[in-house]
Amino acid sequence: MYEALKDQQPAKTPRRLGEALTHAGHLSPLQLQRALDEQRKNGKRLGEIVCQLKFVPEDLIAQSLASIHGLRYVAPSALIIDPDLFLMIPEALARRHLAVPVEAKNKELTVAMVDPLNYESLNDLRFYAGVAVSPVFASRKSILETIDQNYHFDTSSVEEIVQASAKDFGGSSIQVIPDLTESNLIQGETRSLEERSRLAPVIQLANLILGKAIKSRASDIHIEPTRSEFRVRYRIDGLLKEDMHLPKWVQSPLISRIKILATLDISERRLPQDGAVRVAAEGREVDLRVSVLPTIHGEKVVIRILDQSKVMTDIEQVGLREKDIKVVRQMIAKRKGMILVTGPTGSGKTTTLYAMIQELKSVTNNLTTVEDPVEYTIEGINQIQINTDIGLSFSSSLRSILRQDPNIIFVGEIRDQETAEIAFRAAMTGHLVLSTVHTNDATSTISRLIDIGIPRYLVSSCLVGIIAQRLVRKRCVKCQDKPDRAMQTTPSATGDLLSEKGCVACEFTGYMGRIGAFEVLGVSPKIREMIASGASDQEIATTAIATGMTSIEEDALAKAKLGITTLEEVARVIEKDSVFKSSCPQCKHSIRIDFLICPYCGTDSPYVCGGCGKFLQNDWAACPYCRQKVSSAPPSTPL
């Protein structure tokens, strides 16, 4: 396909175009003299004059120039060029510089140009494409034919989508900013949605998708292909929400556009790829982590949005109770030991750890982190990005960190025995180590560490504390401020009135934002002794609760009783086999919270409606499902 692009050893030729053309027999001495005389009159280039006089065809002039300057010659109009490449150079720019893309390989774009020696044109093309540019010679005629053949396609459907969505979006600007640090964030072009008229519809669509996600507080963007179309979904407050259905033909150009921003190989569609880009939107900097995965219907893209402005600066902001804050601060006041934060993916572990790091950060501490990836950049600490492709793993980084005289070490995740052993040895030898583990609760973390291969004596002697957590959605503040708007009626597509919770601010979900539900286990001498003696998780949990630990389900229920969240949300996030337990307000026996009455004393349950059994909120005077009056509000539990 690209035989014309193969490297060729340029032969020794004259250094002037006229000499080269006469030497090759394309131009007679008399024709050359006439062309030179014409050049003296109008000052045009010799190649242009020779072509106008029809002495030599345009393609032969381009070939001669390529030979003189040691560059390659291509005829782009005769090549089969990947349509996605034309997203890298807009049509207006291609016509201005008489340049078209012909091939992308190893993050380098080959561009056919009439004048590849024009430095300003090359600089402009590099800036817009966002990758290195390798120029080759081509004739003006071939380039214009390529532009006419490839840049004109029907984009009316995409333009309609962009215009319709942009009305709701509000036109907030997005600017891709080059990364000036030594992290893996890539350099990119500078754009804003205010320049819509100068951008192709697909580029506008990509900017629109990113801008809407950032403005709507989404944590992830899912661009998913199907057999006949593809859709865009946003994960907002932990739940995916469908936003757009787009025609199938837009799939490849849109994904290529995202790849271009993240400096990924747009010609590679068979293997997964990962990249990153930093943008400025809504007056703040946002990092985007791009993951591309091939599926049977095409490539799926997931973009993780990491908002630098959302990094917590205070432990008190994450949702911990006052007594738990004291325990956590006692943990991080230790000079050595291991502190673990546990929970499933997306439960806010990194945010909690960063809040702790903010308190630990000082000029007297050497604080180093090793993460995969570095989600948020914090001034004043040393952050290391894992790169397994070059052998920079958690274990190898930890070994090097220990030779850097650290006080505090943050390990992004303990994944294997080797990393766990090095981290615990560091904790044992006088370092404070913070890390994460994937377990369901605090006490099961102990069993997980032992299963990995850490000896019991090491776990019991080094472990300072464990924080288990989940994230629950918070009730919308605006809905709470205006109770009459808690149940809105909005017209459906058929004109019927549908009853929906919430308001315009929370998009009729009734929720806005999330807060943590925590279980903080401080390792006391008694707990330490139980770990060393081989006590079970349940035995350790019972002892911890007896000495003041609050379980995740109790913490979540307390937040529901105070109106911060709802019982439905608690039941959705926390496992049912443990969340449906609380104490009867009358006899204090443990009961399931979905019981209508206490089976021990017969007292009406304060958690559900006595008529229909639906969960109640603490500020409801009547059940909105069956209209029965609420006899008593759920008891409040101070946080």
Side-chain angles (χ1 to χ4, degrees), residues 2 5 58-59 62 74-105 108-116 118-163 166 174-176 188-210 246-264 266-267:
Y2 296 108
L5 298 180
E58 193 176 330
D59 57 340
V74 299
S77 58
L79 297 175
I80 300 175
I81 303 173
D82 188 340
D84 294 347
L85 295 181
F86 294 98
L87 291 171
M88 303 183 77
I89 299 177
E91 182 179 359
L93 191 69
R95 292 189 182 277
R96 188 191 316 156
H97 297 300
L98 291 174
V100 292
V102 292
E103 184 184 22
K105 193 174 183 181
E108 184 177 78
L109 181 67
T110 301
V111 179
M113 303 177 65
V114 170
D115 186 8
N118 189 320
Y119 178 78
E120 290 185 3
S121 295
L122 284 173
N123 227 18
D124 210 8
L125 292 170
R126 287 192 195 101
F127 177 77
Y128 273 82
V131 294
V133 170
S134 175
V136 296
F137 270 97
S139 67
R140 179 189 182 93
K141 179 182 177 182
S142 183
I143 287 174
L144 290 175
E145 285 179 1
T146 304
I147 292 173
D148 292 337
Q149 291 169 2
N150 292 278
Y151 278 102
H152 293 290
F153 52 92
D154 183 18
T155 60
S156 57
S157 58
V158 177
E159 288 175 336
E160 289 173 5
I161 293 170
V162 171
Q163 290 171 5
I174 293 181
Q175 185 180 27
V176 180
E189 60 192 10
T190 302
R191 290 283 198 275
S192 74
L193 289 179
E194 297 171 352
E195 298 173 316
R196 289 193 189 96
S197 60
R198 296 169 53 191
L199 301 177
V202 173
I203 298 176
Q204 296 179 42
L205 180 61
N207 285 353
L208 180 67
I209 290 170
L210 295 176
L246 299 167
K248 187 70 174 177
W249 72 265
V250 187
Q251 176 182 322
S252 183
L254 178 62
I255 291 174
S256 294
R257 177 60 187 168
I258 294 170
K259 285 183 176 180
I260 290 165
L261 289 175
T263 60
L264 300 178
I266 66 172
S267 63

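Scanning all heavy atoms of the two residues, the minimum distance from Pro116 to Leu122 falls at O-CD1, 3.3 Å. Nearest heavy-atom pair, Gln149 versus Ser77, reported as atom, atom and distance to 0.1 Å: OE1-O, 4.3 Å. Of all the heavy atoms in Pro101 and Ile89, the pair that sits closest is CD-CD1, 4.0 Å. Residues Val102 and Pro76 share a closest heavy-atom pair of CG1-CB, 3.8 Å. The shortest non-hydrogen separation linking Ala99 to Leu125 is CB-CD1, 3.9 Å.
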Which is it for Thr146 and Phe86 under the side chain to side chain contact (heavy atoms under 4.5 Å, CB included) test, yes or no, and what are the steps along the way? CA-CA 10 Å; Thr146 304; Phe86 294 98; 4.1 Å; yes
Could you go step by step and tell me if Gln251 and Leu246 meet the side chain to side chain contact (heavy atoms under 4.5 Å, CB included) rule? CA-CA 8 Å; Gln251 176 182 322; Leu246 299 167; over 6 Å; no
Side chain to side chain contact (heavy atoms under 4.5 Å, CB included), that's the test. Do Asn123 and Glu120 meet it? Break it down for me. CA-CA 5 Å; Asn123 227 18; Glu120 290 185 3; 5.6 Å; no
For His97 and Asp124, what are the C-alpha separation, side-chain angles and deciding distance, and is it a side chain to side chain donor-acceptor pair (under 3.5 Å)? CA-CA 9 Å; His97 297 300; Asp124 210 8; 2.9 Å; yes
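Using a 4.5 Å heavy-atom threshold, the side chains of Thr110 and Lys105 count as separate. At a threshold of 4.5 Å between non-hydrogen side-chain atoms, the residues Ile258 and Ile209 do not count as touching.
Annotation: the span from Ser142 atom OG to Ile147 atom CD1 amounts to 10.0 Å, rounded to 0.5 Å. To the nearest 0.5 Å, atom CG of residue Leu109 and atom CZ of residue Arg126 are 11.0 Å apart. The line from CG of Leu98 to CG of Leu93 is 10.5 Å long, rounded to the nearest 0.5 Å.
The side-chain contact (heavy atoms from CB on, under 4.5 Å) test with Val100 is passed by exactly one of Leu85, Asn150, Ile143: Ile143.
Salt-bridge formation is detected for the pair Asp148/Arg95: a Lys NZ or Arg NE/NH1/NH2 atom is positioned less than 4.0 Å from an Asp or Glu carboxylate oxygen.
For CZ of Arg140, the number of neighbouring non-hydrogen atoms (other residues, nucleotides, ligands) closer than 6.0 Å is 12 at most.
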